[in-house]
Amino acid sequence: MQEPSPVVVSMEFSEICEHFEQLEQTSSRLEKTGIVTSLLTRAHRDEIPIVVQLILGSVFPTWSTEKVGVGEKLLIKVVADVTGLTEGTILGYLKDTGDVGRAVEQAMENKKQVMFLTEDLSLSRVYDDLTKISQYEGKRSQDKKLKILAGLLTNASPLEARYLSRIVVEKMRTGVAEGTVRDGIARAFGMPSDVVEKAFMVSNDMGLVAKKACEGEEALSTLSLMLFRPIKMMAAQKVSTVEEGFEIVGTPCAVEYKYDGFRMQIHKEGSKVRIFTRRLEDVTRQFRDVVGVVRENIGGDCIIEAETIGIAEDGRWLPFQQISRRIKRKYDIDEIIDKIPVMTNVFDVLYLNGESMIDEPFKSRRQKLEKIVTSVPRKLVLSEMVITDDAEEARTFFSESLSLGNEGVMLKNLSSPYTPGLRVGHMLKLKSVLESLDCIVIGAEWGTGRRAHYLGSFHLAVLDENNMPVMIGKVATGITDEMLETLTERLRPLIEYEEGKMAHIKADLVVEVAYEEIQKSPHYESGFALRFPRLIRMREDKGPEDADTIERVYDIYESDML
DNA sequence: ATTGTCTGCCC
DNA sequence: ATTCTGC
DNA sequence: GCAGAATGGGCAGACAAT
């Protein structure tokens, strides 16, 4: 059992919720920062980390293994229990408002049951109960979670219920996330914003950052790069041509294969090795094969970064779908290691023998990396890279990369530092030109949040052998506000019937959808699905009979396999 | 023992 | 992952 | 140009229902 929070007088949860509502009502970035600052100033010192975590819309920091384990469905069940309304009624509110929090709030306002003995919720009560919920597992655990959550909701005002719900499902929608909280912390405690930012990059725990900031700049600066504390990974910008890339990154630059696997940050000290994913989850257990090869073939204590891909017996690289079977594996790990062997392509070093490397230029990091890695063919290699200022050479390298089954190339500025978490012009990705399909819209789903009251997601079909539409996936991105409106009005009269948020739509409209790749689908009727689909445009010049066919999809799939 | 639904996390 | 939008 | 939000396919695991 969890110890109660060590606080004498806990902040009222309602006070926090009032701040949340203010945040929701302003769109000004600066004003939001001000509201966060004011909330932090009001919070009791000991409760600051919790307040910060809740502002971010979760109970635990991202690296934590603790999860509340309550999603939208279970939440609605709880609300039905508490209010005496049916789940159907609440789902109706959800569809009307397009927001879980508002739906629960509305349910609380319209509840059938009259409550007695309600007490004010304190922050510590909310936090302790949510922590308790996270600890239940096994048989009947959902029921136990439900009971505690029901207890909280029973004592919550409608406004508190709104935010309690959003915290539980991790969808705050106040327009505040890490960036604003970082600025708010800097302002509240008079810290330089970049110091706060750095502390967050290496700790990935905003609550902890706030606590240290509250103690002073010296305490804050103790959060620095350390072995076995994963740091935020550098992100890449997208470009669409080599020239555009050269322009941003400068020449000569590094051009590297962009492998289609898992990004890994590997920490090593002597024989101790731990592996973290992009979201800084620890996946050491799942990849003990990688641990072994790293332990034997990388010299020194270090933090390195790599992309790990699946590799077949003939040496060809496996599609992402296959290696993805390894990441969540908890049982029979040795079996899957045998079945889906991997190759780790190392491309950066962030820490080496007691020294941070992140401020070193990329070129010298790469040189150091080459000294510590002993290549083991098909297991552990340096990423393929050339350094060039010749666009033609870069393009050739790019095509070569694609032909091997990679996603494209990365372009890197040779003198750039490693910038954790940032997507600045130091590192770029260049992917292949997209293919597209003309698909029939056969269904749609009512959207949420800013897409409430619009159809926000569209079900796509191609024509089968009998010219009947068969589903091949959904698309929901690439849509401007204007298009969203047009699509909704265009499709509204074609709705045949609705089931919850789903609308079944008469085959009539054709849309062009671009995608990265065609995959085998275990789920869709057509047997195929689109990877990273995005809407390009409506094809009013085409009728459903002119849509692309399953034969064409099959042909593209086959030719992509080569 | 099997199946279906939900959740969280890879891309 | 991709994309759009407001600041 | 950043920060935030809304949405994609698919996988394993955890539970609940059958």
Side-chain angles (χ1 to χ4, degrees), chain A residues 26-33 56-57 62 65 67-77 98 136-143 145 169-183 235-238 259-264 277-281 283 286 307-309 319-333 336 407 421-425 429 431 434 445 447-452 454 456-460 472-484 513-524 528-536:
Chain A
T26 174
S27 59
S28 157
R29 192 103 264 126
L30 288 170
E31 246 180 86
K32 282 182 197 281
T33 308
L56 292 173
T62 51
T65 52
K67 316 282 166 202
V68 176
V70 176
E72 194 177 294
K73 296 293 148 81
L74 186 53
L75 175 66
I76 287 171
K77 209 172 149 194
Y136 291 122
E137 58 181 5
K139 223 167 163 48
R140 310 265 302 152
S141 58
Q142 292 197 357
D143 213 47
K145 286 172 194 265
V169 301
E170 304 196 301
K171 278 186 189 157
M172 278 306 266
R173 305 193 43 253
T174 53
V176 171
E178 285 163 5
T180 312
V181 174
R182 176 238 292 146
D183 296 346
Q237 268 176 355
K238 242 180 98 156
Y259 302 94
D260 193 9
F262 291 124
R263 182 110 175 244
M264 286 185 172
T277 64
R278 189 187 169 75
R279 296 237 333 220
L280 313 187
E281 301 277 330
V283 290
Q286 293 92 308
E307 184 86 9
T308 292
I309 58 175
F320 178 79
Q321 243 176 317
Q322 295 215 33
I323 195 192
S324 81
R325 301 191 47 203
R326 289 200 47 179
I327 195 84
K328 289 277 218 46
R329 200 75 176 200
K330 230 175 134 178
Y331 309 105
D332 302 322
I333 289 175
I336 201 86
E407 287 190 290
L422 296 185
R423 194 167 236 130
V424 284
K429 57 181 159 188
K431 297 176 104 170
L434 295 181
E445 286 162 42
T448 66
R450 57 178 282 115
R451 292 195 184 175
Y454 292 104
S457 169
F458 305 89
H459 294 199
L460 307 169
I472 193 173
K474 302 192 255 186
V475 67
T477 189
I479 307 166
T480 60
D481 285 2
E482 192 195 355
M483 221 196 293
L484 204 61
V513 177
Y515 58 89
E516 216 81 34
E517 186 184 23
I518 288 176
Q519 306 169 281
K520 274 250 151 84
S521 169
H523 181 234
Y524 289 119
F528 294 97
L530 309 178
R531 190 175 184 200
F532 308 145
R534 49 264 217 186
L535 189 71
I536 300 299

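Each chain gets a letter, A, B and so on, in the order its sequence line appears, and its residues count up from 1. What you see below is based on every heavy atom in this structure, not just the backbone, and it leaves out hydrogens, waters and symmetry mates.
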(message) The criterion is salt bridge (charged side-chain N to carboxylate O under 4.0 Å, His left out); which residues satisfy it with A:Arg140, sequence neighbours excluded?
(response) A:Asp143
(message) Tell me the interatomic distance from A:Asp183, atom CG, to C:dC7, atom C1', rounded to whole angstroms.
(response) 13 Å
(request) Using salt bridge (charged side-chain N to carboxylate O under 4.0 Å, His left out) as the criterion, list what pairs up with A:Glu407, not counting sequence neighbours. (result) A:Lys258, A:Lys431
(request) Can you see which heavy atom on A:Glu307 is nearest to which on A:Tyr259, and at what distance? (result) OE2-O, 3.3 Å
(request) Would you please name every residue forming a side-chain contact (heavy atoms from CB on, under 4.5 Å) with A:Thr33, sequence neighbours left out? (result) A:Thr37, A:Thr180, A:Asp183, A:Arg187
(request) Kindly write out the residues that satisfy salt bridge (charged side-chain N to carboxylate O under 4.0 Å, His left out) with A:Arg450, not counting sequence neighbours, or none if the list is empty. (result) A:Asp481
(request) Tell me what A:Leu74 touches on the nucleic acid: a base, only sugar-phosphate, or nothing, going by heavy atoms under 4.0 Å. (result) sugar-phosphate
(request) Would you mind building the protein contact string for nucleotides 11-18 of chain D? One character per nucleotide, 5' to 3', B for base within reach (heavy atoms under 4.0 Å), S for sugar-phosphate only, - for untouched. (result) SBSSSS--
(message) Taking ring pair (Phe, Tyr, Trp, His ring centres under 6.0 Å) as the definition, give me every residue that meets it alongside A:Phe458, ordered by chain and number, with sequence neighbours left out.
(response) none
(request) Using whole Å, report how far CG of A:Leu75 lies from C1' of B:dC6. (result) 13 Å
(request) Would you indicate, yes or no, if C:dT2 has its OP1 or OP2 atom less than 4.0 angstrom from a side-chain nitrogen or oxygen of A:Lys429? (result) yes
(request) Starting at atom CD of A:Glu516, determine the distance to atom C1' of D:dG9, rounded to an integer number of angstrom. (result) 13 Å
(request) Check salt bridge (charged side-chain N to carboxylate O under 4.0 Å, His left out) between A:Lys67 and all other residues, then give those that pass, not counting sequence neighbours. (result) A:Glu281
(message) Heavy-atom nearest nucleotide on DNA chain D for A:Phe528 versus A:Gly179: which residue maps closer to 5'?
(response) A:Gly179
(request) Report yes if at least one side-chain N or O of A:Thr277 is closer than 4.0 Å to OP1 or OP2 of B:dC10; otherwise report no. (result) yes
(message) Under the rule for ring pair (Phe, Tyr, Trp, His ring centres under 6.0 Å), what residues qualify as partners of A:Phe532, not counting sequence neighbours?
(response) none
Could you list, one pair per line, each protein nitrogen or oxygen that sits under 3.5 Å from a nitrogen or oxygen of nucleotides 6-8 of chain D, together with the distance?
from: D:dA6; atom 1: OP1; to: A:Arg173; atom 2: NE; distance (Å): 2.9
from: D:dA6; atom 1: OP1; to: A:Arg173; atom 2: NH2; distance (Å): 3.3
from: D:dA6; atom 1: OP1; to: A:Arg450; atom 2: N; distance (Å): 2.9
from: D:dA6; atom 1: OP2; to: A:Arg173; atom 2: NE; distance (Å): 3.3
from: D:dT7; atom 1: OP1; to: A:Thr448; atom 2: N; distance (Å): 3.2
from: D:dT7; atom 1: OP2; to: A:Thr448; atom 2: OG1; distance (Å): 2.5
from: D:dG8; atom 1: OP1; to: A:Ser457; atom 2: OG; distance (Å): 2.9

(request) Between C:dC7, D:dG4, D:dG10, spot the one nearest the side chain of A:Glu178, thanks. (result) D:dG4
(message) Counting the atoms with a prime plus P, OP1 and OP2 as sugar-phosphate, which does A:Leu422 contact under 4.0 Å by heavy atoms, base, sugar-phosphate, or nothing?
(response) nothing
(message) For a quick test of reading the model: is some side-chain N or O of A:Thr180 closer than 4.0 Å to OP1 or OP2 of D:dG4?
(response) yes
(request) Ignoring backbone atoms, test whether A:Lys431 places a side-chain nitrogen or oxygen under 4.0 Å from the OP1 or OP2 oxygen of C:dT2. (result) yes
(message) What contact category does A:Thr174 fall into here, base, sugar-phosphate, or nothing, at under 4.0 angstrom with non-hydrogen atoms?
(response) sugar-phosphate
(request) Counting heavy atoms from C-beta on, name the nucleotide in C:dC4, C:dG6, B:dC11 closest to the side chain of A:Thr480. (result) C:dC4
(message) Which heavy atom of A:Tyr515 sits nearest to which heavy atom of A:Val513, and what is that distance?
(response) CD2-O, 3.8 Å
(message) Just the rounded figure in Å: distance from C1' of D:dG10 to CD of A:Glu517.
(response) 12 Å
